[in-house]
Amino acid sequence: MTVRTRFAPSPTGYLHIGGVRTALFCWLFARRHGGRFILRIDDTDQQRNVEAALAPILEGLKWLGIDWDEGPGAGGDYGPYYQSQRADLYQAAVDKLLASGHAYRDYARPEELQAEREAAEKARQQFVYSRRWMGETADDCRRFEAEGRQAVVRLKMPRQGKLVIGDLVRGDVEFDWAREQDHVIQRADGTCLYHLASVVDDHAMRISHVIRAEEHLSNTPRQMFIAQSLGYGLPAYAHLPFVAEPGSKVKLSKRKLDKYLKNRDFAQLLEHGQRIARAIGLAVQRDTFNPVIVDFYERVGYLPEAIINYLALLGWSLDDRTEHFRPEDLIASFSLDRVNKAPASFDPQKLTAFQERHMLGVPLDQQVEMVLPYLQKARLIAADAGGPVRQRVRQIVAAAADRIKVSGDVLDYADFFTADDKLEYDTQAFDKRLRKDPQAAKLLAKFRRRLAEADAFDAESLDRLMRQFVEAEQIKLGQIIHAVRVAVTGKAIGFGLFDALAILGKESCLARIDRALAMVDHRTD
RNA sequence: GGCCCCGUCGUCUAACCAGGUUAGGACACAGGCCUUUCAAGCCUGCAACACGGGUUCAAAUCCCGUCGGGGUCACCA
């Protein structure tokens, strides 16, 4: 049997991190077994703007490398892949269910049904629809319609016996038919509901394994009933645990951002992203830009394979030690029987750790390519920046090394691109390193003269130069190096100082030191 | 509330199915080393079988119960 899995998002305008995890597992399972991964759009409930609301989802999946064999933009033999375009199939299924007596037209008015529900609740009994307005015969239907009633179509569910779902993740799960309701499968206006559509499509698209989030587990009986009533063979089911909130077991939701922001790590993750986004002129409204949405990571400059790695381990593991996986490694080793049953909470710190680790493996030149767009969008370099600029970027990226955790972090080194007379100084650092110490300015001025005389301006020579200076002046390295750093980069922190000096070049270094010295004098006088 | 699912360090997890481990790893955290600040790296440390009964020579592991958490109960998907 060919493995065919599907991910069926509805066009909501964004790709949720939990949704992606589900998609990832479906995709991995299909790829692992040489099967097909199908993308189907559940837009039974949407009216307009499906394309606009779908684009971010498609782009997110593409960015992550989760490619689909059939679906929007990919074609396929079992299309169309939009549920809104498959109404005739659903109608045929409804007709068949009606004809075989597995479904009936129900003429109850909503308030009548509601009354029954409330009565049952009051009596502390489980609600079981009386089927009073069930139109079983043509006569019944005519009679109800004469009263001005409209019909929905309901499943005529079994009211006794049990069923067992042989779930690939959770094992056998038993349900009582008596607890099930006569679910609506077609509205009065003729449109069909999700469960019917889903079952019909899964069958029509030859889905072999229905892999989805746990919240669908209790929906499965009605879907099995539909499938069996239609004479379909059943797919295998696998219900994945959901992705939970940071530090909790509650399902992660886009709507509870305020709550997540109380989590320090989550807040930091967002803040870091916002800092980058602002620098490159992106809108950072929480609604559309936050760590629950996959877009966030793409914009800030995370690596798709890091996100994939992290997400895969959220609910799945290979063994007791392997943690670093490239997508192809995951494909080679993924299996449903090693999927965990318990929900896994989203941990921003661990995600970050995976990102750092994957970033470490990216070759320098590739990192430069990744980083350039950020410098361009921040207007630090021209869009058509030529060789010399790229060369400088390359030097910076090399010097910064693992300090660049995400591509956007390159903006921490914006000072290398600003004009010497526009450099902004961290006032705290400036005070500490240049004002508080009465010797600092004097030493800096002295060192400046040495710099001015220097022939070689590479990191190694500069290193030597400073050490000679320290020896000659009978001072400690710390007494001069920090002052120079602040004077030249404006900051107290950064990568190796000699790299910084070399990258800036003699002229810039001298100009910046002069400016810093002038600032010291100015304020001291 | 009914039904269903789940319960190992703060977090992700391994060991559970085929009982015997000082309950392992990773992230985080704490301390130390390195050092030119910040990172990184290295070393060390902290830290868990939800609880109670059984079965057994032996239980994180098998059985029962309790408690706790979650999901779901729509003419949403």
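Lettering of chains follows the sequences in order, A, B, ..., and the numbering in each one begins at 1. Below, each value reflects all heavy atoms present in this structure, side chains not excepted, and no hydrogens, waters or symmetry copies.
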Interatomic distance where CD1 belongs to A:I165 and C1' belongs to B:rC4 [whole Å]
9 Å
Which is true for A:F498 with a 4.0 Å heavy-atom rule: it touches a base, it touches only sugar-phosphate, or it touches nothing?
base
Got a second to check how far A:Q186's CD is from A:L98's CG, nearest 0.5 Å?
8.0 Å
Would A:F495 and A:Y413 count as a close aromatic pair, with their ring centres under 6.0 Å?
yes
Do A:V488 and A:L501 have side-chain heavy atoms sitting under 4.5 Å apart?
yes
In whole angstroms, the gap separating C1' of B:rC4 from NZ of A:K162 amounts to 12 Å
Picking from B:rU13, B:rA40, B:rA77, the nucleotide nearest the side-chain atoms of A:L193 would be B:rA77
Mark up nucleotides 19-35 of chain B, 5' to 3', with B wherever a protein heavy atom is under 4.0 angstrom from a base atom, S wherever such an atom reaches only the sugar-phosphate, and - elsewhere.
-----BBBSS-------
Would you mind pulling out the nucleotide paired to B:rU21, Watson-Crick or G-U wobble, both distances under 3.5 Å?
none
B:rU37 C1' sits how many Å from A:K491 NZ, rounded?
13 Å
Of all the choices, B:rG2, B:rU37, B:rC75, which nucleotide is nearest to the side chain of A:V184 once you look at every atom?
B:rC75
Do the rings of A:Y302 and A:Y297 sit parallel, tilted or perpendicular, given the 30° and 60° boundaries?
perpendicular
Can you tell me the base-pairing partner of B:rC3? Count Watson-Crick or G-U wobble geometry only, both distances below 3.5 Å, and say none if there is no partner.
B:rG71
Looking only at side-chain atoms of A:D402, point me to the closest of B:rG7, B:rA40, B:rU37.
B:rA40
State yes or no: are the ring centers of A:W68 and A:Y81 separated by less than 6.0 Å?
no
Whole-Å gap separating C1' (B:rU72) and CZ (A:F127)
16 Å
N/O donor-acceptor pair under 3.5 Å between A:N340 side chain and A:A342 backbone:
no
Counting only side-chain heavy atoms from C-beta out, which of B:rC12, B:rG71, B:rA14 sits nearest to A:S317?
B:rA14
Using 30° and 60° as the class limits, which term best fits the ring planes of A:Y237 and A:H239: parallel, tilted or perpendicular?
parallel
State, yes or no, whether a side-chain contact exists between A:M359 and A:L303 at a heavy-atom distance under 4.5 Å.
yes
For B:rU56, which nucleotide in any strand shown is its Watson-Crick or wobble partner with both distances under 3.5 Å?
none
Ordered by number, residues from residues 167-178 of chain A within less than 4.0 Å of RNA chain B (heavy atoms) are A:R170, A:V173, A:E174, A:F175
Any A:I307 side-chain heavy atom under 4.5 Å of A:V294 side chain:
no
Quick one: label A:A188 by what it contacts on the DNA or RNA (base, sugar-phosphate, nothing), any heavy atom closer than 4.0 Å.
base
When all nucleic acid strands are considered with a 4.0 Å heavy-atom cut-off, which category describes A:K405: base, sugar-phosphate, or nothing?
sugar-phosphate
Students often get this wrong, so: under 4.0 angstrom with heavy atoms, is A:G478 touching a base, only sugar-phosphate, or nothing?
nothing
Taking the nucleotide of RNA chain B with the closest heavy atom to each, which residue, A:L318 or A:I493, is nearer the 5' end?
A:L318
Which residues in residues 147-157 of chain A have a heavy atom closer than 4.0 Å to any atom of RNA chain B?
A:V152, A:R154
Report the distance from atom CG of A:D412 to atom P of B:rU37, rounded to the nearest whole Å.
18 Å
Using a 4.0 Å heavy-atom cut-off across all strands, classify A:P110 as base, sugar-phosphate, or nothing.
base
Taking only side-chain N and O atoms of A:R338, does any of them lie within less than 4.0 angstrom of OP1 or OP2 on B:rC17?
no
What's A:L314 touching, base or sugar-phosphate or nothing? Going by heavy atoms closer than 4.0 Å.
sugar-phosphate
Closer than 4.0 Å, any side-chain N/O of A:N340 to the OP1 or OP2 of B:rC12?
no
Any chance the side chains of A:D42 and A:Q83 put a donor and an acceptor closer than 3.5 Å?
yes
Measure the distance from CZ on A:F242 to C1' on B:rC12 and round it to the nearest whole Å.
16 Å
Contacts of type ring-ring contact (aromatic ring centres under 6.0 Å, His included), residue A:Y425, not counting sequence neighbours
A:F430
A:T12 side chain to A:Y14 main-chain N or O, any donor-acceptor pair under 3.5 Å?
yes
Ignoring backbone atoms, test whether A:S345 places a side-chain nitrogen or oxygen under 4.0 Å from the OP1 or OP2 oxygen of B:rC12.
yes
Between the base of B:rA77 and the side chain of A:H195, is there a donor and acceptor pair under 3.5 angstrom?
yes
Quickly work out the A:R6 CZ to B:rA77 C1' distance and round it to whole Å.
11 Å
By the 4.0 Å heavy-atom rule, please label A:R179 as base, sugar-phosphate, or nothing.
sugar-phosphate
Taking the six-membered ring for Trp and the single ring otherwise, decide whether the centroids of A:W316 and A:F25 are under 6.0 Å apart.
no
Mate of B:rC27 across any strand shown (Watson-Crick or G-U wobble, both atom pairs under 3.5 Å) is B:rG10
Give me the one residue out of A:R275, A:R403, A:H272 that meets side-chain hydrogen bond (donor to acceptor under 3.5 Å, both in side chains) with A:D409.
A:H272
Contacts of type side-chain hydrogen bond (donor to acceptor under 3.5 Å, both in side chains), residue A:N219, not counting sequence neighbours
A:H216, A:R222
Once the angle between the rings of A:W133 and A:Y129 is folded into 0 to 90°, is it parallel (under 30°), tilted (30 to 60°) or perpendicular (over 60°)?
parallel
Counting Watson-Crick and G-U wobble pairs only, both distances under 3.5 Å, name the nucleotide matched with B:rC16, or none.
none
Ordered by number, residues from residues 214-225 of chain A within less than 4.0 Å of RNA chain B (heavy atoms) are A:E214, A:E215, A:H216, A:L217, A:S218, A:N219
